[in-house]
Amino acid sequence: MNNHFSIRFLYLYVFITGASVMAIEIAASRFLAPYFGTSMIVWANIIGLILLSLSLGYWVGGKWADRWPSGKLLMMLSLLSGVLVSLLPLWGSFIFQFLTNGIMNTPVWIIFCSFFAVLIVFAPPVFLLAMVSPFAIRLVSDQSKDIGRVAGNLYACSTLGSLVGTFGTAMITIPLLGARESIYIWSAALIVISGWGLRHTKQRWLVLLLLVPVLSYFFINDNVSTSANEKVLWSKDTFYQYVRVVEASNGDISLVYNEGGGVQSIRRAKPGLHAGDYYNDYLVLPYLTNSPDQLLVLGSAGGTIPRLLAEYVKPQFPNMNVTGVELDPEVIALSYQFMGLKPEDAQIVNQDARVFISNTNRKYDIIVVDCYSQQIYIPAHLSTLQFFDTLRLHLNPDGLIALNVNVTTPDSPLLLAMAKTVKQVFPNTYIVKSSGQYNYMIIGSIRPLQTDNLNRIHLNSPIHPYLEQWQKGLKEVNDELLANAQVLTDNHAPTEMLTDSMIFGSIPDRP
């Protein structure tokens with residue numbers, strides 16, 4: 001039996017295998033995020049699957065270690081795990097091709113099958129890696145009398161590796177290289193360390209399996225989800241999400257978060273306002289206030305709203321100043337590079353929206369909140385009573401706030417919960433259907449809106465066609481409508497659950 005590895009080698013070995021387990025978990029979350037988001041439900045499934053795989057691996061590993069205490073077997077198990085890990089992106093590219101229309105436009109059976117198909121392929125490599133610890137302890141039991149101390153050291157090295165795998169993957173390799181590249185790095189590390197352990201055996205040739213992650217990397221097309229009618233101008237895994245800038249065949253340029261369905265900003269090739277773009281409705285807001293001098297856009301993304309305000313509204317209100325707040329610094333750079341935003345259009349601040357509004361000393365006439373996480377989720381901390389209280393503190397007496405809420409129906413519990421929460425702070429709360437398919441706007445103000453001010457929109461203005469829509473569609477929210485809605489607070493804001501239930505509640509309406 002090939003049991004005799006130096007204890008120092010085993011310390012390094014368990015360090016790498018421990019790092020790989022956590023790297024797989026982090027990569028799994030980022031791997032699924034473009035299609036399924038990062039809600040607590042997704043995380044619970046990932047963590048639960050990892051823990052189940054670890055538990056089974058520890059149990060089986062202990063039994064195998066007693067029955068076949070072979071160092072060669074241990075190395076082959078981890079090597080097999082490395083090969084399986086390297087195939088994850090290939091499997092994902094096959095599964096995810098069915099989801100390029102986005103989660104809102106994909107048959108639900110495909111969503112469920114895809115989700116669990118991907119989760120299941122993460123389970124075998126984690127199961128195999130969990131067998132390492134009991135195997136390693138069994139092997140050193142024949143070499144050292146200080147089994148307690150050595151076992152403690154092995155667990156310490158494995159846990160230290162887990163820390164490196166967690167922070168190294170989340171903060172270094174994914175932001176700098178990408179999720180798939182992170183998977184290839186750790187799969188290669190597993191194959192190399194296992195091949196080194198097999199170097200004195202007849203199976204040493206198995207180290208050539210290192211070619212699997214190398215070939216897999218070059219085999220997978222980085223633009224696998226791009227259709228023939230699109231050209232990718234820029235793509236990268238940023239610290240927060242997978243971001244692409246895509247040019248359509250008609251010349252429209254879109255800023256896309258993750259895969260299908262995640263368009264955050266758009267720059268139309270043809271001049272004028274494009275019917276169906278929800279951004280256009282926000283150009284009406286300055287006309288509802290007496291003096292729209294200071295505007296704040298929380299969640300400016302590629303700067304579409306600030307750019308349109310500068311182009312279509314500022315000529316009538318030359319004193320208007322726009323500030324945008326965007327969390328992802330890479331996206332801010334793209335605003336100027338691809339999306340047509342000019343430095344004079346707005347001041348863009350790189351910060352979390354709530355952190356910014358909690359620390360600024362300025363007051364605004366209009367505050368727009370258009371923040372979304374992973375395509376479809378309103379961040380919980382930007383939906384609460386306490387958040388809206390903070391917005392009111394930074395709003396001028398004649399000012400208003402406006403929220404973009406994506407829902408499938410006007411009686412959606414998510415929309416009503418957001419409206420009821422806003423109404424706790426702003427006595428005058430309104431809902432209007434925006435131009436997008438799923439877009440609604442909630443408006444809150446301290447004083448009643450003066451809708452007669454909308455007549456200030458010039459007859460020849462591209463905004464004027466929206467006047468009739470607003471005059472007919474702007475409805476004040478009443479207590480009867482909100483009777484069964486919940487108020488969202490920092491302690492309890494289940495925006496993810498409300499969104500998920502809304503999506504799956506629309507199953508009868510989908511193929």
Side-chain angles (χ1 to χ4, degrees), residues 2-6 8-28 30-31 50 53 57 61 64 70-95 118 121-133 135-136 139 157-158 160-162 164-166 168-170 172-222 224 237:
N2 301 290
N3 302 336
H4 301 293
F5 297 119
S6 70
R8 288 185 178 180
F9 170 78
L10 288 176
Y11 287 161
L12 175 62
Y13 176 72
V14 298
F15 176 90
I16 291 177
T17 56
S20 299
V21 169
M22 294 309 299
I24 291 171
E25 181 172 350
I26 297 297
R30 196 55 177 266
F31 209 54
I50 296 293
S53 301
W64 283 25
S70 167
K72 182 173 71 173
L73 176 59
L74 174 60
M75 294 300 116
M76 294 183 70
L77 289 173
S78 57
L79 188 143
L80 176 59
S81 176
V83 172
L84 292 176
V85 169
S86 69
L87 295 176
L88 290 176
L90 191 62
W91 176 249
S93 67
F94 169 74
I95 292 297
V118 174
V121 298
F122 278 95
V126 174
F127 168 79
L128 293 172
L129 291 174
M131 299 173 71
V132 166
S133 292
F135 252 101
L139 294 179
C157 288
S158 178
L160 184 61
S162 297
V164 172
T166 300
T169 303
I172 299 176
T173 61
I174 286 180
L176 294 180
L177 302 175
R180 286 199 296 266
E181 287 76 5
S182 299
I183 291 174
Y184 292 133
I185 286 172
W186 288 108
S187 68
L190 285 172
I191 294 171
V192 168
I193 193 69
S194 303
W196 182 261
L198 293 170
R199 68 191 186 281
H200 297 307
T201 71
K202 294 181 179 180
Q203 288 75 29
R204 55 183 176 272
W205 64 270
L206 290 174
V207 74
L208 294 176
L209 290 173
L210 185 61
L211 291 172
V212 175
V214 174
L215 294 176
S216 179
Y217 174 76
F218 288 106
F219 178 78
I220 294 180
N221 184 353
D222 189 54
V224 61
D237 259 306

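None of the values given here were measured: they were computed from a predicted structure.
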Counting only heavy atoms not in Arg8, do more than 12 fall under 6.0 Å of its CZ?
no

Are the side chain of Ser216 and the backbone N or O of Pro213 linked by a donor-acceptor pair below 3.5 Å?
no

Given Trp205 and Leu198, is the side-chain contact (heavy atoms from CB on, under 4.5 Å) satisfied, shown in steps?
CA-CA 9 Å; Trp205 64 270; Leu198 293 170; over 6 Å; no

Rounded at 0.5 Å granularity, tell me how far CZ in Arg180 sits from CD1 in Ile183.
9.0 Å

Partner residues of Ser78 under the side chain to side chain donor-acceptor pair (under 3.5 Å) criterion, sequence neighbours left out
Tyr13, Ser194

When rounded to the nearest 0.5 angstrom, what is the spacing between CG in Leu210 and CG in Leu190?
11.0 Å

Compare every heavy atom of Gly197 with every heavy atom of Phe9, then report the nearest pair and how far apart it is.
CZ-CA, 3.9 Å

OG1 on Thr169 to CD on Glu181, rounded to 0.5 Å
12.5 Å

When every non-hydrogen atom of Ser187 is compared with those of Val85, the smallest separation belongs to CB-CG1, 3.7 Å

Quick one: does Ser81's side chain have a donor or acceptor within less than 3.5 Å of a partner on Pro125's backbone?
yes

Not counting sequence neighbours, which residues clear side chain to side chain contact (heavy atoms under 4.5 Å, CB included) with Ala170? List them please.
Ile26

Side chains of Leu177 and Ile185: does their closest heavy-atom pair fall under 4.5 Å?
yes

To the nearest 0.5 angstrom, please state how far the CG atom of Leu88 sits from the OH atom of Tyr184.
9.0 Å

Kindly write out the residues that satisfy side chain to side chain contact (heavy atoms under 4.5 Å, CB included) with Phe15, not counting sequence neighbours, or none if the list is empty.
Leu160, Val164

Apply side chain to side chain contact (heavy atoms under 4.5 Å, CB included) to Leu80 and list each qualifying residue two or more places apart in sequence or on a separate chain.
Leu84, Leu128

With Ile16 as reference, evaluate Val192, Ile193, Val132, Leu129 under the side-chain contact (heavy atoms from CB on, under 4.5 Å) test and give the passing residue.
Ile193

Heavy-atom distance under 4.5 Å between the side chains of Phe5 and Met75, does that happen here?
yes

To the nearest 0.5 Å, tell me how far Ile50 CD1 sits from Phe127 CZ.
13.5 Å

Distance (rounded to the nearest 0.5 Å) between Ile24 CD1 and Phe122 CZ:
8.0 Å

With a 4.5 Å cut-off on side-chain heavy atoms, are Leu73 and Phe135 touching?
yes

Could you tell me which residues satisfy side chain to side chain donor-acceptor pair (under 3.5 Å) with Ser182, sequence neighbours excluded, listed by chain and number?
Thr173

Apply side chain to side chain donor-acceptor pair (under 3.5 Å) to Ser162 and list each qualifying residue two or more places apart in sequence or on a separate chain.
none

